[in-house]
Amino acid sequence: MSMLEVRDLNVYYGGIHALKGISLDVEEGQIVSIIGSNGAGKSSMMNTISGIVKRQSGEILFRGEKLPSQANKIVKQGICQVPEGRLIFANLTTYENLILGAYLRKDKAGIERDLKRVYEIFPRLEERKNQIAGTLSGGEQQMLAMGRGIMSAPELIMLDEPSLGLAPLLVNTIFETIKEIKAMGKTILLVEQNALKALSVADNAYVLEQGRITMSGPGKQLLKDPTIAEAYLGHAK
Amino acid sequence: MDLQYYLQQLVNGICLGGMYALMSVGYSLVYSIMSFSNFAHGGVIMVGAYVGFFALTALKVPFLVAFLLCGVGSGLLAVIIERLVYSPLRKRKAPSLYFIISAMGASIFLENFVIATIDGTPRNYPTLFSNSIKIGSLSLGLDSLLMIIVSAVSLLVLMIIIQKTKIGLAIRACSYNEKAGTLMGINSSLVIFVVFLMGGVLAGFAGMLYGMRFIVKPTIGQVTNKSFVAAVFGGLGSLPGAIVGSLLLGIMEIFVASINSSLRDLFVYALLIIVLIIKPSGLMGKPVEDKA
Ligand SMILES: Nc1ncnc2c1ncn2[C@@H]1O[C@H](COP(=O)(O)OP(=O)(O)OP(=O)(O)O)[C@@H](O)[C@H]1O
Ligand SMILES: [Mg+2]
């Protein structure tokens, strides 16, 4: 049994059929990447799993059980989304943002330990802990969004385009962090435009096109696939 | 007209402003989370004033008990209005105009409910505190002192809750982005409940202070709309803004009234219009387009 099983998911926005019967599996401890072009439905899929978008039909099972329908209860199950566009709380300090990540946690010692951990991964966040988050740079905000996700100590963390708009050096940092999160024993569902990097770190990957999954397999294997190379890696092999 | 006169007026202004602040934070709290002006708040304040009146005259309970009953009564009423009126609208994701119209409806309903069940005659609170203390040449009525203390303590407690507690952090988070708050595991229904409860309790306190100082009648909800002006003046959605706006408005209103008492309301509502034209975000609010 996979940790997360998505079966035949259909999502509509009014008349737009955004997800057309999507099924996928995420195994515990793996990094699963989803690649696809703009408007393919990647964010819609994540938002449906996290409960902020309602599905028309289909089933989502987490550890074999149906997820509750309210988004805040899904967080309690151990699923945390680091959303596209970061959605950090611009009116609060860096520290307050991180603490909000741990909103549902009661283990004070664990929260302290994870806060230290986040500061180790992103020293910049510690330097800026009392700064209003809205005044952080774009890259710092992305670090904050990921740090906040780590603070919720999820079993499954869903990252929606964490490298979007970042300088190459920072993109590397973000992917290093993704590997580090995996090393912490977490399971990761990753959505990325940066197909090369996303497929390189992935144990498993899916290609999403216009609301449908058109290809899936181990990341390394998809990386070698000529159609993928042409469509997503920007070169024909 | 000497210094002492001005000081006296200043004290009166602070009393009035403090009372406005108790009311206006309710407007601001709701606005900060739900982005609409909860005009039912005036009705909640009015009901608070009645609870206090009957607690003192019919139940003959001591002042402090009556005061707490006001808080409980108005707090419950605010929460009930949210559950019965706003919650269904929320579930349907109705535009904020629907909320405002429903809020006005709730306010008029409460007014007429009181007229129908009690009556429309104005009532005076029994005199509770007639003594005054002298500070230098300044005489400060015990009732005024009480108003200032009650307002200051209540607002301080509110600020501590908002700034220092976990639910306060959740409220501030949801006021920025409710969806992001939900992704942190925050139960937004709980946040809304707490916001209405806190606003309602303070409205009850304010209602009693209002009744003690002025009068109790079904239409005082409209009079308390001045606290809404104060909230807009300070910056709708900002708590410090509501408090500062209220104090300034109270003081200005008293001084305007001392020049010519018929200018009092004219001044307050002219200020509302001027703020909306020149600086809709008020003294401390964040600029937004839709100040419904
Ligand atoms: N709230 C919404 N209302 C209406 N249509 C929407 C909404 N959200 C997404 N869509 C539409 O659904 C489709 C899928 O959008 P989605 O955001 O899931 O794409 P994506 O794969 O994440 O794209 P990107 O890489 O640009 O982030 C798009 O056509 C988009 O216009
Ligand atoms: Mg997207």
Side-chain angles (χ1 to χ4, degrees), chain A residues 13-14 43 46-54 68-93 95-106 108 111 132-134 141 144-145 147-154 157-160, chain B residues 28-35 87-88 90-95 159-195 234-242 281-288:
Chain A
Y13 298 106
S43 299
M46 274 200 173
N47 292 340
T48 313
I49 296 171
S50 69
I52 53 179
V53 163
K54 298 294 164 215
S69 66
Q70 280 155 289
N72 62 305
K73 292 191 179 150
I74 292 175
V75 181
K76 208 168 203 155
Q77 302 289 312
I79 299 180
C80 169
Q81 184 185 14
V82 178
E84 189 177 17
R86 306 173 190 126
L87 290 187
I88 59 148
F89 301 103
N91 60 330
L92 305 178
T93 64
Y95 171 77
E96 284 171 330
N97 269 275
L98 290 172
I99 289 302
L100 273 164
Y103 183 76
L104 290 177
R105 294 175 65 183
K106 306 262 184 285
K108 277 224 164 73
I111 295 174
I132 296 294
Q141 290 187 5
L144 179 55
R148 196 178 61 176
I150 295 172
M151 288 301 292
S152 88
I157 186 164
M158 304 196 292
L159 306 169
D160 194 347
Chain B
S28 255
L29 274 172
V30 171
Y31 187 88
S32 72
I33 300 287
M34 294 171 75
S35 304
S87 174
R90 243 179 336 115
K91 295 216 172 81
R92 282 203 284 118
K93 300 196 191 324
M159 290 308 276
I160 290 172
I161 292 175
I162 295 289
Q163 292 298 331
K164 301 282 177 217
T165 67
K166 194 167 172 182
I167 186 72
L169 183 60
I171 289 171
R172 284 184 290 143
C174 285
S175 80
Y176 183 75
N177 190 324
E178 189 185 321
K179 188 172 84 178
T182 309
L183 287 178
M184 301 298 108
I186 296 171
N187 179 350
S188 57
S189 298
L190 178 72
V191 164
I192 289 170
F193 172 85
V194 171
V195 158
L236 210 43
S238 152
L239 277 193
S281 58
L283 297 173
M284 296 176 165
K286 2 179 220 296
V288 291

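Computed from a prediction, not measured in an experiment: that's the story for all the values here. What you see below is based on every heavy atom in this structure, not just the backbone, and it leaves out hydrogens, waters and symmetry mates. Every chain is numbered from 1 and lettered A, B, ... according to where its sequence line falls, protein lines coming before strand lines.
Proximity of B:L239 to B:M284: side-chain heavy atoms (C-beta onward) are nowhere separated by under 4.5 Å. Looking at B:I162 and B:L29, their side chains come closer than 4.5 Å, going by heavy atoms from C-beta outward.
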For this session: Test side chain to side chain contact (heavy atoms under 4.5 Å, CB included) on B:I192 and B:R90 and set out the steps.
Result: CA-CA 11 Å; B:I192 289 170; B:R90 243 179 336 115; 3.4 Å; yes
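Among A:K76, A:M151, A:R148, the residue with the largest count of heavy-atom pairs under 4.5 Å with chain B is A:R148. Contact count versus chain B (heavy atoms, under 4.5 Å) is highest, among A:L92, A:N97, A:I99, A:I74, for A:L92. Of the listed residues (A:L100, A:L104, A:V82, A:I79), the one with the most heavy-atom contacts under 4.5 Å to chain B is A:L100. Ranked by heavy-atom pairs under 4.5 Å with chain A, the list B:I186, B:T182, B:N177 is led by B:I186.
For B:S188, no part lies near chain A; criterion is any non-hydrogen pair under 4.5 Å.
Of all heavy-atom pairs spanning B:I171 and B:I33, the tightest one is O-CD1, 3.4 Å. Nearest heavy atom pair, residue B:I161 against residue B:T165, reads O-OG1, 2.6 Å.
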